[in-house]
Amino acid sequence: MLDKLDALQQRASAALEALTDLAALEAWHAQYLSRRGELTQLLRSVGQLPPQERPGAGQRANELKTALEAAYERRQADLKRQARTQALTAERVDVTLPGRPPSLGRLHLSTQALRRIYAIFADMGFQVYRAPDVETDELNFELLNMPPHHPARDMWDTFYTTREGVLLRTHTSPGQIRAMRDYCPEPIRVILPGMCYRYEQVTARSEMMFHQVEGLAVGKHIAMTDLKGTMTEYAHRMFGEGRKMRFRSSHFPFTEPSVEVDMDCILCGGEGCRVCKYTGWLEIAGAGMVHPVVLRNGGYNPDVYSGFAFGMGVERPAMLSHSIDDIRYFFSNDVRFLEQFG
Ligand code: DAH
(Lines give C-alpha, C1' and ligand atoms only; values in the text may rest on other atoms or scores of the structure.)
Protein backbone atom coordinates (compact mmCIF):
# COMPACT_ATOMS: atom_id res chain seq x y z
CA MET A 1 0.00 0.00 0.00
CA LEU A 2 2.71 2.46 1.02
CA ASP A 3 4.56 1.69 -2.21
CA LYS A 4 1.45 2.40 -4.18
CA LEU A 5 1.07 5.71 -2.41
CA ASP A 6 4.73 6.61 -3.10
CA ALA A 7 4.28 5.73 -6.76
CA LEU A 8 1.12 7.78 -6.96
CA GLN A 9 2.82 10.74 -5.34
CA GLN A 10 5.62 10.64 -7.87
CA ARG A 11 3.35 10.31 -10.85
CA ALA A 12 0.95 13.01 -9.67
CA SER A 13 3.74 15.48 -8.85
CA ALA A 14 5.46 14.95 -12.18
CA ALA A 15 2.19 15.40 -14.06
CA LEU A 16 1.38 18.53 -12.11
CA GLU A 17 4.77 20.02 -12.99
CA ALA A 18 4.38 19.14 -16.65
CA LEU A 19 0.93 20.56 -17.30
CA THR A 20 0.76 24.08 -18.68
CA ASP A 21 -2.81 25.26 -18.67
CA LEU A 22 -5.90 25.42 -16.50
CA ALA A 23 -7.86 22.88 -18.53
CA ALA A 24 -5.09 20.33 -18.03
CA LEU A 25 -5.02 21.22 -14.34
CA GLU A 26 -8.69 20.41 -13.98
CA ALA A 27 -8.14 17.09 -15.76
CA TRP A 28 -5.31 16.35 -13.32
CA HIS A 29 -7.59 17.12 -10.38
CA ALA A 30 -10.22 14.78 -11.78
CA GLN A 31 -7.68 12.02 -12.21
CA TYR A 32 -6.16 12.11 -8.72
CA LEU A 33 -8.30 14.01 -6.28
CA SER A 34 -11.94 13.82 -7.41
CA ARG A 35 -14.42 11.39 -5.88
CA ARG A 36 -13.48 8.83 -8.54
CA GLY A 37 -9.81 9.81 -8.51
CA GLU A 38 -6.95 7.47 -7.91
CA LEU A 39 -6.05 8.74 -4.44
CA THR A 40 -9.66 8.56 -3.28
CA GLN A 41 -9.83 4.96 -4.48
CA LEU A 42 -6.67 4.12 -2.53
CA LEU A 43 -8.02 5.80 0.59
CA ARG A 44 -11.15 3.69 0.32
CA SER A 45 -9.16 0.49 0.04
CA VAL A 46 -7.36 1.20 3.34
CA GLY A 47 -10.36 -0.45 5.04
CA GLN A 48 -9.54 -3.79 3.37
CA LEU A 49 -5.97 -3.89 4.71
CA PRO A 50 -5.00 -6.14 7.63
CA PRO A 51 -5.81 -4.19 10.85
CA GLN A 52 -2.18 -3.57 11.87
CA GLU A 53 -1.36 -1.87 8.53
CA ARG A 54 -4.40 0.36 8.49
CA PRO A 55 -3.28 3.27 10.74
CA GLY A 56 0.09 3.76 9.00
CA ALA A 57 -1.42 3.52 5.52
CA GLY A 58 -4.40 5.74 6.43
CA GLN A 59 -2.16 8.42 7.88
CA ARG A 60 0.17 8.35 4.89
CA ALA A 61 -2.74 8.50 2.45
CA ASN A 62 -4.30 11.46 4.25
CA GLU A 63 -0.96 13.31 4.33
CA LEU A 64 -0.61 12.72 0.64
CA LYS A 65 -4.13 14.02 0.02
CA THR A 66 -3.37 17.23 1.93
CA ALA A 67 -0.08 17.65 0.11
CA LEU A 68 -1.61 17.12 -3.34
CA GLU A 69 -4.48 19.49 -2.60
CA ALA A 70 -2.04 22.19 -1.50
CA ALA A 71 0.09 21.58 -4.60
CA TYR A 72 -3.05 21.79 -6.75
CA GLU A 73 -3.97 25.17 -5.30
CA ARG A 74 -0.49 26.56 -5.70
CA ARG A 75 -0.36 25.42 -9.30
CA GLN A 76 -3.80 26.86 -9.95
CA ALA A 77 -2.72 30.27 -8.61
CA ASP A 78 0.45 30.11 -10.74
CA LEU A 79 -1.41 29.25 -13.90
CA LYS A 80 -4.03 31.98 -13.36
CA ARG A 81 -1.32 34.55 -12.82
CA GLN A 82 0.44 33.37 -15.99
CA ALA A 83 -2.80 33.56 -17.99
CA ARG A 84 -3.46 37.09 -16.78
CA THR A 85 0.06 38.25 -17.57
CA GLN A 86 -0.29 36.77 -21.02
CA ALA A 87 -3.63 38.49 -21.61
CA LEU A 88 -2.25 41.81 -20.43
CA THR A 89 0.66 41.57 -22.82
CA ALA A 90 -1.43 40.41 -25.75
CA GLU A 91 -4.25 42.92 -25.31
CA ARG A 92 -2.03 45.74 -24.31
CA VAL A 93 -3.46 49.26 -24.63
CA ASP A 94 -1.15 51.91 -25.94
CA VAL A 95 -1.96 54.74 -23.57
CA THR A 96 0.27 57.10 -25.48
CA LEU A 97 -2.04 57.05 -28.54
CA PRO A 98 -3.89 60.35 -28.90
CA GLY A 99 -7.56 59.99 -27.88
CA ARG A 100 -10.40 60.15 -30.36
CA PRO A 101 -12.35 63.31 -29.55
CA PRO A 102 -16.05 62.53 -28.91
CA SER A 103 -18.28 64.53 -31.22
CA LEU A 104 -20.00 67.19 -29.18
CA GLY A 105 -23.68 67.97 -29.44
CA ARG A 106 -24.92 71.53 -29.64
CA LEU A 107 -28.10 73.48 -29.12
CA HIS A 108 -30.62 73.46 -31.93
CA LEU A 109 -30.86 76.75 -33.75
CA SER A 110 -34.43 77.24 -32.52
CA THR A 111 -33.30 76.63 -28.94
CA GLN A 112 -30.56 79.21 -29.35
CA ALA A 113 -33.06 81.76 -30.63
CA LEU A 114 -35.52 80.93 -27.83
CA ARG A 115 -32.82 81.38 -25.19
CA ARG A 116 -31.92 84.81 -26.53
CA ILE A 117 -35.60 85.76 -26.41
CA TYR A 118 -35.92 84.49 -22.82
CA ALA A 119 -32.91 86.53 -21.78
CA ILE A 120 -34.23 89.74 -23.30
CA PHE A 121 -37.66 89.39 -21.75
CA ALA A 122 -36.21 88.26 -18.43
CA ASP A 123 -34.44 91.62 -18.24
CA MET A 124 -37.85 93.27 -18.63
CA GLY A 125 -39.32 91.16 -15.82
CA PHE A 126 -41.09 88.47 -17.84
CA GLN A 127 -41.10 84.93 -16.51
CA VAL A 128 -41.36 81.83 -18.70
CA TYR A 129 -44.73 80.12 -18.34
CA ARG A 130 -45.15 76.66 -19.86
CA ALA A 131 -48.40 75.50 -21.40
CA PRO A 132 -49.16 72.18 -23.09
CA ASP A 133 -48.89 71.44 -26.83
CA VAL A 134 -52.04 69.33 -26.77
CA GLU A 135 -54.90 71.67 -26.03
CA THR A 136 -58.65 71.78 -25.87
CA ASP A 137 -60.79 73.51 -28.46
CA GLU A 138 -62.10 75.57 -25.56
CA LEU A 139 -58.72 77.11 -24.72
CA ASN A 140 -57.31 77.28 -28.24
CA PHE A 141 -60.41 79.04 -29.61
CA GLU A 142 -63.50 79.53 -27.48
CA LEU A 143 -62.05 81.31 -24.47
CA LEU A 144 -59.99 83.44 -26.84
CA ASN A 145 -63.24 84.89 -28.11
CA MET A 146 -63.76 82.49 -31.00
CA PRO A 147 -66.93 80.47 -30.43
CA PRO A 148 -67.57 77.41 -32.63
CA HIS A 149 -68.18 78.40 -36.26
CA HIS A 150 -66.51 81.76 -35.74
CA PRO A 151 -64.98 82.61 -39.13
CA ALA A 152 -61.71 83.74 -37.51
CA ARG A 153 -60.96 80.08 -36.81
CA ASP A 154 -60.16 79.79 -40.51
CA MET A 155 -56.94 81.69 -39.79
CA TRP A 156 -55.60 78.49 -38.24
CA ASP A 157 -55.68 75.18 -40.10
CA THR A 158 -55.96 72.81 -37.22
CA PHE A 159 -54.81 69.30 -36.40
CA TYR A 160 -57.68 67.69 -34.51
CA THR A 161 -57.15 64.52 -32.50
CA THR A 162 -59.44 61.52 -32.44
CA ARG A 163 -60.78 62.78 -29.13
CA GLU A 164 -63.63 65.24 -29.45
CA GLY A 165 -62.60 68.76 -28.45
CA VAL A 166 -58.86 67.97 -28.23
CA LEU A 167 -56.37 69.38 -30.73
CA LEU A 168 -52.75 70.39 -31.23
CA ARG A 169 -52.48 74.06 -30.36
CA THR A 170 -52.30 76.25 -33.44
CA HIS A 171 -50.72 79.10 -31.49
CA THR A 172 -49.35 79.76 -28.01
CA SER A 173 -52.28 82.08 -27.16
CA PRO A 174 -54.29 79.48 -25.15
CA GLY A 175 -51.48 79.70 -22.59
CA GLN A 176 -52.76 83.24 -21.85
CA ILE A 177 -55.93 81.78 -20.35
CA ARG A 178 -53.96 79.24 -18.35
CA ALA A 179 -51.59 81.88 -17.00
CA MET A 180 -54.44 84.24 -16.09
CA ARG A 181 -56.40 81.53 -14.29
CA ASP A 182 -53.23 80.58 -12.47
CA TYR A 183 -52.21 84.11 -11.37
CA CYS A 184 -55.58 85.84 -10.96
CA PRO A 185 -55.97 88.34 -9.26
CA GLU A 186 -52.22 89.09 -9.24
CA PRO A 187 -50.60 91.15 -12.00
CA ILE A 188 -48.91 89.10 -14.74
CA ARG A 189 -45.79 89.44 -16.83
CA VAL A 190 -45.02 86.20 -18.66
CA ILE A 191 -43.79 84.85 -21.95
CA LEU A 192 -45.15 81.53 -23.18
CA PRO A 193 -42.78 79.77 -25.55
CA GLY A 194 -43.48 76.52 -27.33
CA MET A 195 -44.24 74.48 -30.39
CA CYS A 196 -47.38 75.13 -32.43
CA TYR A 197 -48.92 72.96 -35.11
CA ARG A 198 -50.84 73.76 -38.26
CA TYR A 199 -52.37 71.51 -40.86
CA GLU A 200 -50.70 73.37 -43.67
CA GLN A 201 -48.99 72.63 -46.91
CA VAL A 202 -45.30 72.34 -46.04
CA THR A 203 -43.23 74.65 -48.21
CA ALA A 204 -39.97 76.56 -47.99
CA ARG A 205 -41.91 79.27 -46.13
CA SER A 206 -44.25 77.32 -43.88
CA GLU A 207 -43.87 74.22 -41.74
CA MET A 208 -46.55 72.22 -39.99
CA MET A 209 -44.71 72.74 -36.70
CA PHE A 210 -42.83 75.78 -35.51
CA HIS A 211 -42.14 77.74 -32.34
CA GLN A 212 -43.93 80.80 -31.11
CA VAL A 213 -43.32 83.00 -28.12
CA GLU A 214 -46.42 84.54 -26.66
CA GLY A 215 -46.24 87.48 -24.27
CA LEU A 216 -48.81 88.58 -21.73
CA ALA A 217 -48.89 91.47 -19.27
CA VAL A 218 -51.95 92.09 -17.12
CA GLY A 219 -52.29 94.74 -14.46
CA LYS A 220 -54.16 97.84 -13.41
CA HIS A 221 -52.72 100.53 -15.64
CA ILE A 222 -51.35 98.78 -18.65
CA ALA A 223 -51.66 100.75 -21.86
CA MET A 224 -50.79 100.48 -25.52
CA THR A 225 -47.61 102.48 -24.90
CA ASP A 226 -46.36 99.65 -22.69
CA LEU A 227 -46.84 97.23 -25.56
CA LYS A 228 -45.03 99.55 -27.96
CA GLY A 229 -42.16 100.10 -25.55
CA THR A 230 -41.79 96.40 -24.86
CA MET A 231 -41.81 95.42 -28.54
CA THR A 232 -39.36 98.17 -29.43
CA GLU A 233 -36.95 97.20 -26.67
CA TYR A 234 -37.18 93.57 -27.76
CA ALA A 235 -36.51 94.37 -31.44
CA HIS A 236 -33.59 96.62 -30.56
CA ARG A 237 -31.92 93.96 -28.44
CA MET A 238 -32.69 91.07 -30.76
CA PHE A 239 -32.02 92.73 -34.12
CA GLY A 240 -29.95 95.84 -33.37
CA GLU A 241 -30.30 99.23 -31.67
CA GLY A 242 -31.14 101.15 -34.80
CA ARG A 243 -34.28 99.19 -35.79
CA LYS A 244 -37.27 101.32 -36.73
CA MET A 245 -40.68 100.12 -35.59
CA ARG A 246 -44.12 100.33 -37.15
CA PHE A 247 -47.40 99.36 -35.50
CA ARG A 248 -49.99 98.62 -38.13
CA SER A 249 -53.67 98.27 -37.35
CA SER A 250 -54.94 94.70 -37.65
CA HIS A 251 -57.49 92.29 -36.26
CA PHE A 252 -57.34 89.35 -33.85
CA PRO A 253 -60.40 88.10 -31.99
CA PHE A 254 -58.53 88.08 -28.66
CA THR A 255 -57.19 91.65 -28.76
CA GLU A 256 -58.81 95.05 -29.13
CA PRO A 257 -57.28 97.07 -30.60
CA SER A 258 -54.98 94.72 -32.54
CA VAL A 259 -51.75 95.49 -34.36
CA GLU A 260 -49.10 93.89 -36.49
CA VAL A 261 -45.65 94.80 -35.24
CA ASP A 262 -43.21 95.56 -38.06
CA MET A 263 -39.58 96.58 -38.08
CA ASP A 264 -37.52 97.89 -40.95
CA CYS A 265 -36.05 95.10 -43.04
CA ILE A 266 -32.76 93.87 -41.57
CA LEU A 267 -31.46 92.97 -45.02
CA CYS A 268 -32.10 96.16 -46.99
CA GLY A 269 -32.55 98.58 -44.10
CA GLY A 270 -35.91 99.70 -45.48
CA GLU A 271 -34.88 100.23 -49.10
CA GLY A 272 -37.00 97.31 -50.30
CA CYS A 273 -35.73 93.86 -51.31
CA ARG A 274 -36.90 90.37 -52.17
CA VAL A 275 -37.07 89.36 -48.47
CA CYS A 276 -39.37 92.20 -47.42
CA LYS A 277 -41.25 91.91 -50.69
CA TYR A 278 -40.11 95.43 -51.58
CA THR A 279 -42.07 96.99 -48.71
CA GLY A 280 -39.03 97.81 -46.55
CA TRP A 281 -40.76 96.23 -43.51
CA LEU A 282 -40.75 92.84 -41.84
CA GLU A 283 -43.58 91.66 -39.66
CA ILE A 284 -42.25 90.33 -36.34
CA ALA A 285 -45.37 89.86 -34.21
CA GLY A 286 -49.12 90.07 -33.87
CA ALA A 287 -50.18 91.97 -30.79
CA GLY A 288 -52.78 94.10 -29.10
CA MET A 289 -54.60 94.98 -25.92
CA VAL A 290 -56.15 91.90 -24.35
CA HIS A 291 -59.84 91.76 -25.29
CA PRO A 292 -62.23 92.35 -22.35
CA VAL A 293 -63.89 88.98 -23.00
CA VAL A 294 -60.52 87.25 -22.76
CA LEU A 295 -59.62 89.08 -19.55
CA ARG A 296 -62.93 87.98 -18.07
CA ASN A 297 -62.37 84.38 -19.22
CA GLY A 298 -59.07 84.52 -17.35
CA GLY A 299 -60.81 85.74 -14.20
CA TYR A 300 -59.94 89.46 -14.39
CA ASN A 301 -62.51 92.26 -14.29
CA PRO A 302 -61.92 94.27 -17.48
CA ASP A 303 -63.24 97.42 -15.81
CA VAL A 304 -60.32 97.28 -13.38
CA TYR A 305 -57.61 95.40 -15.25
CA SER A 306 -56.09 95.78 -18.68
CA GLY A 307 -53.29 94.02 -20.47
CA PHE A 308 -51.32 93.59 -23.64
CA ALA A 309 -50.38 90.44 -25.49
CA PHE A 310 -48.21 89.53 -28.42
CA GLY A 311 -47.31 86.43 -30.35
CA MET A 312 -44.28 85.94 -32.54
CA GLY A 313 -42.61 83.25 -34.57
CA VAL A 314 -39.11 82.04 -33.75
CA GLU A 315 -37.87 80.27 -36.87
CA ARG A 316 -38.59 83.02 -39.41
CA PRO A 317 -36.47 85.69 -37.70
CA ALA A 318 -33.71 83.08 -37.21
CA MET A 319 -33.90 82.42 -40.97
CA LEU A 320 -33.38 86.09 -41.65
CA SER A 321 -30.46 86.44 -39.26
CA HIS A 322 -28.69 83.39 -40.69
CA SER A 323 -29.72 83.68 -44.35
CA ILE A 324 -31.57 80.36 -44.29
CA ASP A 325 -33.85 80.10 -47.27
CA ASP A 326 -35.95 77.07 -46.35
CA ILE A 327 -37.83 76.59 -43.06
CA ARG A 328 -37.96 72.83 -43.61
CA TYR A 329 -34.30 72.53 -42.59
CA PHE A 330 -35.19 73.24 -38.96
CA PHE A 331 -36.93 69.97 -38.22
CA SER A 332 -35.72 67.63 -40.95
CA ASN A 333 -32.82 66.71 -38.62
CA ASP A 334 -29.99 66.85 -41.10
CA VAL A 335 -26.90 67.29 -38.92
CA ARG A 336 -25.05 68.96 -41.77
CA PHE A 337 -27.50 71.82 -41.36
CA LEU A 338 -27.63 71.76 -37.56
CA GLU A 339 -23.83 71.67 -37.22
CA GLN A 340 -23.50 75.03 -38.93
CA PHE A 341 -24.92 76.88 -35.96
CA GLY A 342 -23.43 77.20 -32.49
N1 DAH B 1 -51.94 83.89 -31.89
C2 DAH B 1 -51.67 84.68 -33.06
C3 DAH B 1 -51.27 83.80 -34.23
O4 DAH B 1 -50.81 82.73 -34.01
C5 DAH B 1 -50.60 85.69 -32.79
C6 DAH B 1 -51.03 86.72 -31.82
C7 DAH B 1 -51.61 87.90 -32.25
C8 DAH B 1 -50.85 86.54 -30.48
C9 DAH B 1 -52.02 88.87 -31.37
C10 DAH B 1 -51.24 87.50 -29.58
C11 DAH B 1 -51.83 88.68 -30.03
O12 DAH B 1 -51.08 87.37 -28.27
O13 DAH B 1 -52.18 89.62 -29.16
O14 DAH B 1 -51.42 84.18 -35.34
Shortest non-hydrogen pair, Arg243 vs Cys265, comes out as NH2-O, 3.9 Å

Shared hydrophobic cluster, Leu168 / Leu139 (ILVMFWY, side-chain heavy atoms < 4.5 Å): no

Does Glu207 reach the side chain of Val202, with side-chain heavy atoms less than 4.5 Å apart? yes

Could you check Thr232 against Val261 for side-chain contact (heavy atoms from CB on, under 4.5 Å), going step by step and ending with a plain yes or no? CA-CA 9 Å; Thr232 305; Val261 184; over 6 Å; no

Rounding to 0.5 Å, atoms OH (Tyr72) and NZ (Lys65) come to a distance of 13.0 Å

Does Pro187 offer a backbone N or O that forms a donor-acceptor pair with the side chain of Tyr305 under 3.5 Å? no

Given side chains that start at C-beta, do those of Leu144 and Val293 come closer than 4.5 Å, heavy atoms only? no

Assess whether a salt bridge exists between Arg246 and Asp264, defined as any Lys/Arg side-chain N lying under 4.0 Å from an Asp/Glu carboxylate O. no

Is the backbone of Pro174 close enough, under 3.5 Å, to the side chain of Asn140 for a donor and an acceptor to pair up by distance? no

Can any side-chain N or O of Arg181 pair as donor or acceptor with the backbone N or O of Asn297 at less than 3.5 Å? yes

How about Arg115: does its CZ atom have over 12 heavy atoms from other parts shown lying under 6.0 Å from it? no

Heavy-atom nearest pair, Val259 first then Met224, reads CG1-CE, 3.5 Å

Taking Gly270's backbone N and O only, do any of them form a donor-acceptor pair with Trp281's side chain (distance below 3.5 Å, no angle check)? no

Reported CG-to-CD distance for the pair Asp21 and Glu26, which is rounded to 0.5 angstrom: 10.0 Å

Verify the neighbour count for atom CD of Glu271: are there more than 12 heavy atoms of other residues, nucleotides or ligands below 6.0 Å? no

Arg169 to Pro132 - nearest heavy-atom pair and separation: NH1-O, 3.4 Å

State, with a plain yes or no, whether a side-chain heavy atom of Leu33 is found less than 4.5 Å away from one of Thr40. no

Run the ring-ring contact (aromatic ring centres under 6.0 Å, His included) test on Phe254 and His291 for me, step by step, so that the C-alpha distance in whole Å, both residues' side-chain angles and the decisive distance to 0.1 Å come before the verdict. CA-CA 5 Å; Phe254 30 89; His291 196 286; 9.4 Å; no

Please test Gln31 against Arg36 for side-chain hydrogen bond (donor to acceptor under 3.5 Å, both in side chains), starting from the C-alpha separation and ending with a verdict. CA-CA 8 Å; Gln31 187 181 344; Arg36 297 247 185 96; over 6 Å; no

Can you tell me how far the CD1 atom of Ile191 sits from the CD atom of Gln212, to the nearest 0.5 Å? 13.0 Å

Provide the closest heavy-atom pair for Thr89 versus Thr85 in the form atom of the first, atom of the second, distance. OG1-O, 2.5 Å

State, yes or no, whether a side-chain contact exists between His211 and Glu315 at a heavy-atom distance under 4.5 Å. yes

Check the hydrophobic clustering (I, L, V, M, F, W, Y; side-chain heavy atoms under 4.5 Å; chains of links allowed) and say if Phe121 and Leu216 are grouped together. no

Full working for side-chain contact (heavy atoms from CB on, under 4.5 Å) between Met1 and Leu49: CA-CA 9 Å; Met1 182 70 179; Leu49 292 174; 3.9 Å; yes

May I ask you to decide whether Lys244 forms a salt bridge with Asp262, counting only side-chain N to carboxylate O separations under 4.0 Å? no

Where the side chain of Gln340 meets the backbone of Arg336, is there a donor-acceptor pair that is under 3.5 Å apart? yes

In sequence, state the C-alpha distance, the side-chain angles, and the governing distance for Glu135 and Arg178, and then conclude on salt bridge (Lys or Arg N to Asp or Glu O under 4.0 Å). CA-CA 11 Å; Glu135 261 300 0; Arg178 291 179 180 272; 2.6 Å; yes

Identified side chain to side chain donor-acceptor pair (under 3.5 Å) partner of Tyr197 from the options Asp157, Asp133, Thr158, Thr170: Asp133

For the backbone of Pro317 and the side chain of Ser321, can you confirm whether one donor and one acceptor N or O come within less than 3.5 Å of each other? yes

Do the side chains of Arg189 and Gln127 get nearer than 4.5 Å, heavy atoms only? no

Compare every heavy atom of Ala204 with every heavy atom of Asp325, then report the nearest pair and how far apart it is. O-CB, 4.0 Å

Please tell me whether Met231 and Val218 are part of a single hydrophobic cluster in this structure, the criterion being side-chain heavy atoms less than 4.5 Å apart. no

If we only count heavy atoms from C-beta on, is the Glu142 to Met146 side-chain gap below 4.5 Å? no

I'd like to know if Arg205 and Glu200 make a salt bridge, using a cut-off of under 4.0 Å between side-chain N and carboxylate O. no

Hey, any chance Phe126 and Ile188 share a hydrophobic cluster, counting ILVMFWY side chains that come within less than 4.5 Å of each other, even indirectly? no

Tell me, with the steps shown, if Ile120 and Met238 meet side-chain contact (heavy atoms from CB on, under 4.5 Å). CA-CA 8 Å; Ile120 294 169; Met238 191 75 180; 3.8 Å; yes

Among Phe341, Tyr329, Phe331, exactly one meets ring pair (Phe, Tyr, Trp, His ring centres under 6.0 Å) together with His108. Which residue is that? Phe331

Establish, from distance only, whether the side-chain atoms of Ser332 and Asp334 form a donor-acceptor pair under 3.5 Å. no

Run Phe310 and Thr255 through side-chain contact (heavy atoms from CB on, under 4.5 Å) and show every step you take. CA-CA 9 Å; Phe310 57 85; Thr255 41; over 6 Å; no

Report yes or no: does Thr172 contribute a side-chain atom to a donor-acceptor pair with the main-chain N or O of Pro193 at less than 3.5 Å? no

Closest non-hydrogen atom pair, Ala223 against Met289: C-CE, 3.7 Å

A side-chain contact here means heavy atoms from C-beta on lying under 4.5 Å apart; do Met263 and Phe239 qualify? yes

Atom pair NZ/OG1 of Lys228 and Thr225 - distance to nearest 0.5 Å: 8.5 Å

So does Arg153 pair up with Asp137, basic N to acidic O under 4.0 Å? yes

Would you say that Glu283 contacts Arg248 through its side chain, given a criterion of any heavy-atom pair below 4.5 Å between the two side chains? yes

Under a 3.5 Å cutoff, is there a donor and acceptor pairing between the side chains of Gln41 and Tyr32? no

I need the Leu68 CG to Ser13 OG distance, nearest 0.5 Å. 6.0 Å

Please confirm whether the backbone N or O of Ile222 pairs with a side-chain atom of Ser306, one donor and one acceptor, at under 3.5 Å? yes

Between Phe252 and Met180, is there a shared hydrophobic cluster once you connect ILVMFWY residues whose side-chain heavy atoms come closer than 4.5 Å? yes

Is there a donor-acceptor pair under 3.5 Å between the side chain of Ser206 and the backbone N or O of Gln201? yes

CG of Leu64 to NZ of Lys4, rounded to nearest 0.5 Å, is 14.0 Å

Is it the case that the side chain of Arg106 and the backbone of Glu339 share a donor-acceptor pair, with hydrogens and angles ignored and the cut-off at 3.5 Å? yes

